[in-house]
Amino acid sequence: MLSLATLGSLAVCSLAGLAQAYDNDAMRSKAVYQVLTDRFATSDGSTTQPCDVSAMSYCGGTYKGLAGKLDYIKGMGFDVIWISPIVSNIGGNTSLGESYHGYWTQDIYSLNEAFGSEADLKDLISQAKAKDMGIMVDVVVNHVAATASGNFIPNDSYGPFNSTAQYHPFCWVDDYNNQTNVEQCSLGNTDVTLQDLDTEDPNVVQIFNSWIKGLIADYGFEAIRIDTVKHVRKDFWPAFVDAAGVYAVGEVLDGYPPYVAAYQKQSMDSVFNYPVYFPLKAAFNSTSGNMSALSEMVTTLTTTFDDTTMLGNFLDNHDNSRFEATVNDKMLIMNAATFPFVSDGIPYVYYGQEQGFTGGEIDYENREAMWLSNFNTETDMYKHFGKLNTARSVMGQAQPSFYTTKASIADSTDSEIAISKPPMLSVLSNRGAGSGSNTMKLNNLAYDANTQLLDVIGCKTYSTNGDKSLDVTVQDGAPQVFVPASLNQDNKICSSTATGSSSGGDSKSAGFVDAKIPVVAGAMTVLAGLFLTMF
Ligand SMILES: *[C@@H]1O[C@H](CO)[C@@H](O)[C@H](O)[C@H]1NC(C)=O
Ligand SMILES: *[C@@H]1O[C@H](CO)[C@@H](O)[C@H](O)[C@H]1NC(C)=O
Ligand SMILES: *[C@@H]1O[C@H](CO)[C@@H](O)[C@H](O)[C@H]1NC(C)=O
Ligand SMILES: *[C@@H]1O[C@H](CO)[C@@H](O)[C@H](O)[C@H]1NC(C)=O
Ligand SMILES: *[C@@H]1O[C@H](CO)[C@@H](O)[C@H](O)[C@H]1NC(C)=O
Ligand SMILES: *[C@@H]1O[C@H](CO)[C@@H](O)[C@H](O)[C@H]1NC(C)=O
């Protein structure tokens with residue numbers, strides 16, 4: 001085992017000098033790519049190593065392998081990589097498989113050697129820094145894992161958490177309407193129990209705060225992702241995040257906006273945007289998906305959260321079924337995948353989406369070996385993410401207020417949502433591939449009359465009308481993301497097609513009903529407690 005016990009004292013002579021920790025403002029301009037370390041890349045770069053996801057075993061991905069794929073990730077414009085938890089996990093096989101995902105903590109003071117050595121990890125971090133990329137480390141504070149449920153007797157193999165007094169008395173999380181039960185009982189099952197640490201205990205608090213401080217100082221991680229945030233009391237977090245001293249994003253797995261917003265107010269500035277995740281999937285999962293529920297949610301978020309621009313937006317992650325598990329219309333997929341980039345917040349993309357991984361219903365099915373895709377940089381989605389990231393960063397450089405300007409719904413129909421986030425304007429549709437031409441007229445936009453707009457997806461230019469409106473044609477269900485052509489510095493957006501861009505946008509309103517959906521202040525569906533975070 002590699003000892004991390006003396007982290008605090010080592011901090012001064014460590015990588016800290018190189019660390020370019022990201023604060024909130026720095027993070028706003030970033031885009032995050034999530035990998036499962038075990039499933040991303042092999043040390044020698046080979047792409048044939050088999051990985052049977054249903055065996056739930058380690059497949060052999062490493063830090064060294066990931067370090068060899070930084071250009072692949074940067075090629076899509078992502079500049080932060082969220083890796084799996086790094087600490088040592090319980091070993092052996094269980095009915096839920098092995099700890100390949102890294103969420104079954106045993107000792108926070110040791111590394112999970114399956115992913116490589118301490119030197120390999122530090123090498124990954126410094127190679128990323130050299131490419132102006134950052135590494136976001138995943139941390140678990142709520143629990144450690146054990147295979148001895150009920151009669152768990154901690155010992156030295158749990159590092160600093162070797163005493164029963166450091167744990168809550170055993171009980172299962174079984175009542176999501178009871179926040180004490182959620183915070184002080186254990187997740188998991190009798191085969192793998194996530195023993196709940198007593199995060200009210202000042203000794204436990206002190207251990208965690210100095211651990212995270214030392215970890216950041218020693219390794220120079222730019223940011224952290226925090227697991228199972230809602231399972232720890234809200235007021236534990238501010239001191240922990242402060243000790244980390246870097247941007248922290250928390251997992252509060254719940255769809256009810258006020259529930260999640262309370263964590264932004266009381267615990268940490270950034271939380272994953274689960275409230276929009278559910279209506280986002282529902283809006284694009286079929287050509288009859290509910291678009292008005294999504295537009296209502298976008299509006300609701302701006303009034304519920306202190307700061308929507310700090311939310312972590314995603315379509316897929318390791319805990320949920322990939323979007324493509326149930327949807328195979330390429331245009332529905334492309335529209336849904338665009339949303340996290342054009343609404344308020346920081347975009348997060350889960351590895352493999354650019355390769356068309358389809359995952360499945362059960363969580364292990366969504367953790368395919370990336371190397372089996374051969375890291376193809378020619379896929380439509382690889383290029384699509386590149387366009388979206390380029391557009392965001394060019395807009396942010398031209399107008400830094402872009403990242404903090406709140407998005408609003410410019411219009412919404414049964415099949416379209418138009419999101420205004422000046423200077424960007426996006427029109428997403430769930431009409432699907434092969435749906436022909438459908439036109440709509442957008443009014444009350446943030447642009448002047450006769451402004452040249454470039455659609456960064458289709459690479460065509462359009463112009464607002466004399467009355468400042470914009471005629472939009474949704475062609476075969478394709479998403480459109482408009483930016484003022486004048487802000488396209490050095491033609492960075494659509495560079496490969498810049499000379500070939502044509503003028504379009506002539507209004508053909510025949511047959512299109514501009515069915516503006518009134519925003520109904522309806523009751524939210526409480527989604528609390530539907531999910532049990534196991535790993
Ligand atoms: C672990 O157990 C699972 C389920 O019982 C089984 O499918 C898998 O092959 C086992 N893995 C190993 C490495 O023994
Ligand atoms: C410590 O706990 C682990 C997990 O419960 C167990 O496998 C191991 O045998 C224990 N070691 C000792 C020395 O009790
Ligand atoms: C528990 O861990 C602490 C800190 O590492 C150590 O000082 C103590 O001796 C350990 N106690 C037991 C019972 O192993
Ligand atoms: C809530 O959960 C705690 C912990 O399990 C339990 O002690 C308490 O009785 C529960 N409260 C209610 C009202 O059920
Ligand atoms: C689409 O989402 C809705 C709402 O979540 C759900 O009821 C429905 O089953 C989903 N349809 C498909 C095809 O996944
Ligand atoms: C769409 O969602 C809205 C808001 O949640 C709801 O009022 C409406 O009934 C839904 N429409 C359909 C067709 O399910």
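Remember, it's 1-based here, ligands and their atoms both numbered in the order they're listed. Worth knowing before you read on, the calculation uses all heavy atoms, side chains too, and leaves out hydrogens, waters and symmetry mates.
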Show me the short polar-atom pairs for ligand 3: any N or O of it lying under 3.5 Å from a protein N or O, with distances only.
unit_1, atom_1, unit_2, atom_2, d
ligand 3, 2 (O), Asn162, ND2, 2.2
ligand 3, 11 (N), Asn162, ND2, 2.9
ligand 3, 14 (O), Asp156, OD1, 2.8
ligand 3, 14 (O), Asn162, ND2, 3.2

* To do: Run through Tyr274, Tyr350, Tyr348 and flag the one making a ring pair (Phe, Tyr, Trp, His ring centres under 6.0 Å) with Phe314.
  => Tyr274
* Just checking, is any N or O donor in the side chain of Ser286 or Ser288 under 3.5 Å from an acceptor N or O on the other one? -> yes
* Mind jotting down which residue pairs meet the salt bridge (charged side-chain N to carboxylate O under 4.0 Å, His left out) criterion with at least one end in residues 334-348? Sequence neighbours excluded, please. => Asp344-Lys421
* To do: Write out all pairs satisfying disulfide (SG to SG under 2.5 Å) with one or both partners inside residues 274-345, taking only residues at least two apart or from two chains.
  => none
* Asked: Would you say the side-chain atoms of Ser429 and Glu416 include a donor-acceptor pair closer than 3.5 Å?
  -> yes
* Asked: Numbering the atoms of ligand 6 from 1, which are under 4.0 Å from a heavy atom of Glu296?
  -> 4 (C)
* Residues which pass side-chain hydrogen bond (donor to acceptor under 3.5 Å, both in side chains) with Ser186, listed by chain and number, not counting sequence neighbours -> none
